[in-house]
Asker: 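Have a look at this one.
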Amino acid sequence: MADPLTDLIRLIRPHAVLRKRIEGTGRWAVRFPAGDDITFGTVTRGSCLLLGAGPRLALAEGDFLLICAPPDGFTFAADPDTPAADGDALLERSPDHAVTVGDGTGEPCRLTGGHFLTDPANAHLLRALMPGRVHLRGAEPGTRRIAQLLDLIGDEAAADRPGAGYVLPRLVEIMLVEALRGHGAADTGGRPRDVPPGLLGGLADPPVAAALHALHADVRRPWTVAALAAVARMSRSVFAERFAARVGTTPMEYLLAWRMALAKDALGRGGQTLDAIAHGVGYGSASAFSNAFRRTTGVAPGRYAAGRGFAAGEGGAGT
């Protein structure tokens, strides 16, 4: 059976993993700007506040945090009123990507983690389908597994072993899956977590999840809302409303977005004709696909492929 979460993580292709460590004592604050990267890490000692990327959040020792493509940046701080230092500038000046901030008084707080980049072609999928912030308490199921993965990521990033370019992204992918699993599970009190609209919201709802699995398993099928509703065993109108509430977009908008994401990935990798790509994502002809791609992205498939450093093959690449 197709796994939509696996499909999404494979498509965003995490890479360029950079580890970093922040230690703060007394009054301190460190700010990071908006970007398309994903920040991850754990509090290995003490406590602090997260400001931005959602409501103010108190972080305690053992907590895990994942921040996905924050549109407005975020700040780690002991005191919300302390002027924040530029985190990127501090880390850039540090040869080991470790910084110490604060006035040296009080109990220290240590944050260990990093960030990684994703394929920019489908960065919008992160904001649309993944939660902007994942926070798991140290006592929650799965957090220990994530801590072990973070240790492996740190060890692999620091070493210069053969095959590191393959191993490191795979470890990050596994860490992402574990974090998103934990986010979708019940909290430490056994209460269902309030999952916002997105892919996890859809997968947490059995009828909507059934439709998502079917769509991902056969994206070439000429899906309609009625056909997806039949998979979900719901009426067309009820299904459409429920899908939009859980996923944050209509079923047909989701289908189009996913088809275009797969097409951009194929165009970026090269090696396929436009006809093959068109049929692979559910279009009967290269011209029909080209029209849909241009309407969605604002650029023709051939021009998009050329901009990614590849030339599309025969079958209408220039359309």
Side-chain angles (χ1 to χ4, degrees), residues 2-22 32-42 44 64-70 87-99 111-127 129-130 134 142 144-182 199 216 258 261-272 277 280 304-313:
D3 181 355
L5 181 57
T6 300
D7 290 345
L8 176 62
I9 290 175
R10 283 175 177 165
L11 203 62
I12 64 177
R13 287 199 178 87
H15 63 279
V17 182
L18 176 64
R19 288 275 291 179
K20 50 193 173 187
R21 187 178 76 249
I22 301 170
F32 294 92
D36 289 331
D37 56 349
I38 297 181
T39 295
F40 63 93
T42 188
T44 57
F64 171 80
L65 185 68
L66 184 79
I67 302 174
C68 175
D88 282 347
L90 290 174
L91 290 164
E92 188 175 347
R93 293 195 295 267
S94 171
D96 60 354
H97 302 290
V99 298
L111 300 161
T112 302
H115 73 268
F116 57 89
L117 303 179
T118 60
D119 188 339
N122 288 309
H124 67 285
L125 288 175
L126 294 177
R127 296 190 180 92
L129 297 178
M130 289 179 64
V134 172
R144 179 174 294 182
R145 285 168 57 86
I146 292 174
Q148 293 171 339
L149 285 166
L150 291 178
D151 287 340
L152 289 172
I153 290 170
D155 178 66
E156 194 66 35
D160 187 19
R161 302 186 185 97
Y166 176 83
V167 172
L168 196 52
R170 302 294 86 73
L171 289 172
V172 171
E173 288 176 353
I174 297 169
M175 182 267 292
L176 264 176
V177 171
E178 289 290 348
L180 295 172
R181 281 176 176 173
L199 186 58
H216 278 252
W258 187 246
L262 293 175
K264 286 191 287 184
D265 182 64
L267 288 165
R269 286 186 284 109
Q272 294 188 68
I277 294 172
Y304 178 87
R308 296 274 293 187
F310 295 95

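This one's a predicted model, so the numbers in the text were calculated from it and none came from an experiment. If you read the sequence from its start, that first residue is 1, and numbering goes on from there.
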Asker: I need the minimum non-hydrogen distance between Pro70 and Pro33, along with the two atoms involved.
Answerer: CG-O, 4.4 Å
Asker: Determine whether Ile153 and Phe116 make a side-chain contact, defined as any pair of heavy atoms from C-beta on separated by less than 4.5 Å.
Answerer: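 Contact flag for Ile153/Phe116 side chains = no.
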Asker: Please, which pairs that meet salt bridge (Lys or Arg N to Asp or Glu O under 4.0 Å) have at least one residue in residues 88-98, sequence neighbours excluded?
Answerer: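 Matches after skipping sequence neighbours: none remain.
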Asker: For Val167 and Leu152, run side chain to side chain contact (heavy atoms under 4.5 Å, CB included): C-alpha distance rounded to whole Å, both residues' side-chain angles, the deciding distance at 0.1 Å, then the answer.
Answerer: CA-CA 10 Å; Val167 172; Leu152 289 172; over 6 Å; no
Asker: Under the salt bridge (Lys or Arg N to Asp or Glu O under 4.0 Å) test, which residues partner Asp37, sequence neighbours left out?
Answerer: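 Partners of Asp37 by the salt bridge (Lys or Arg N to Asp or Glu O under 4.0 Å) criterion come out as none, since no residue qualifies.
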Asker: Please tell me if the side chains of Leu90 and Ile22 come closer than 4.5 Å, counting only heavy atoms from C-beta onward.
Answerer: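 When only atoms from C-beta onward are counted, Ile22 and Leu90 do not touch, as no gap falls below 4.5 Å.
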Asker: Between Leu111 and Leu65, is the side chain to side chain contact (heavy atoms under 4.5 Å, CB included) condition met? List the steps.
Answerer: CA-CA 10 Å; Leu111 300 161; Leu65 185 68; over 6 Å; no
Asker: Can you name the residues that form a salt bridge (Lys or Arg N to Asp or Glu O under 4.0 Å) with Asp7, not counting sequence neighbours?
Answerer: none
Asker: Testing the basics here: between Leu11 and Ala261, what is the closest heavy-atom pair and its distance to 0.1 Å?
Answerer: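 Scanning both residues, the minimum pair turns out to be CD2-CB, 3.5 Å.
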Asker: Would you say Leu199 and Leu180 make side-chain contact, with heavy atoms under 4.5 Å?
Answerer: no
Asker: Under the rule for salt bridge (Lys or Arg N to Asp or Glu O under 4.0 Å), what residues qualify as partners of Asp155, not counting sequence neighbours?
Answerer: Arg161
Asker: Step by step, work out the side chain to side chain contact (heavy atoms under 4.5 Å, CB included) result for Leu267 and Ile277.
Answerer: CA-CA 8 Å; Leu267 288 165; Ile277 294 172; 3.6 Å; yes
Asker: State, yes or no, whether a side-chain contact exists between Leu66 and Ile38 at a heavy-atom distance under 4.5 Å.
Answerer: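 Yes. Closest side-chain heavy atoms under 4.5 Å.
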Asker: How far apart are the closest heavy atoms of Pro14 and Pro169, and which atoms are they?
Answerer: O-CB, 3.4 Å
Asker: Are Thr42 and Ile146 close enough, and set up right, to give a side chain to side chain contact (heavy atoms under 4.5 Å, CB included), and what steps lead you there?
Answerer: CA-CA 9 Å; Thr42 188; Ile146 292 174; over 6 Å; no
Asker: Looking at Arg13 and Asp265, does any basic side-chain N land under 4.0 Å from a carboxylate oxygen?
Answerer: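 Between Asp265 and Arg13 there is a salt bridge, with a charged N closer than 4.0 Å to a carboxylate O.
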Asker: Can you tell me if Arg21 has over 12 outside heavy atoms packed within less than 6.0 Å of its CZ?
Answerer: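 Counting neighbours around CZ of Arg21, 12 or fewer heavy atoms of other residues, nucleotides or ligands fall under 6.0 Å, so no.
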Asker: According to side-chain hydrogen bond (donor to acceptor under 3.5 Å, both in side chains), does anything in residues 171-180 pair up with another residue at least two apart or in another chain? List the pairs.
Answerer: Arg145-Glu178, Arg170-Glu173, Glu178-Arg181
Asker: Considering residues at least two apart in sequence or located in another chain, which fulfil the ring-ring contact (aromatic ring centres under 6.0 Å, His included) criterion with Phe64?
Answerer: none
Asker: How far apart are the closest heavy atoms of Met130 and Cys68, and which atoms are they?
Answerer: CB-SG, 4.3 Å
Asker: With a 4.5 Å limit on heavy-atom distance, are the side chains of Thr112 and Arg19 in contact?
Answerer: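 Touching, per the 4.5 Å side-chain cut-off.
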Asker: So do Phe40 and Leu176 actually touch side chain to side chain, heavy atoms under 4.5 Å?
Answerer: no
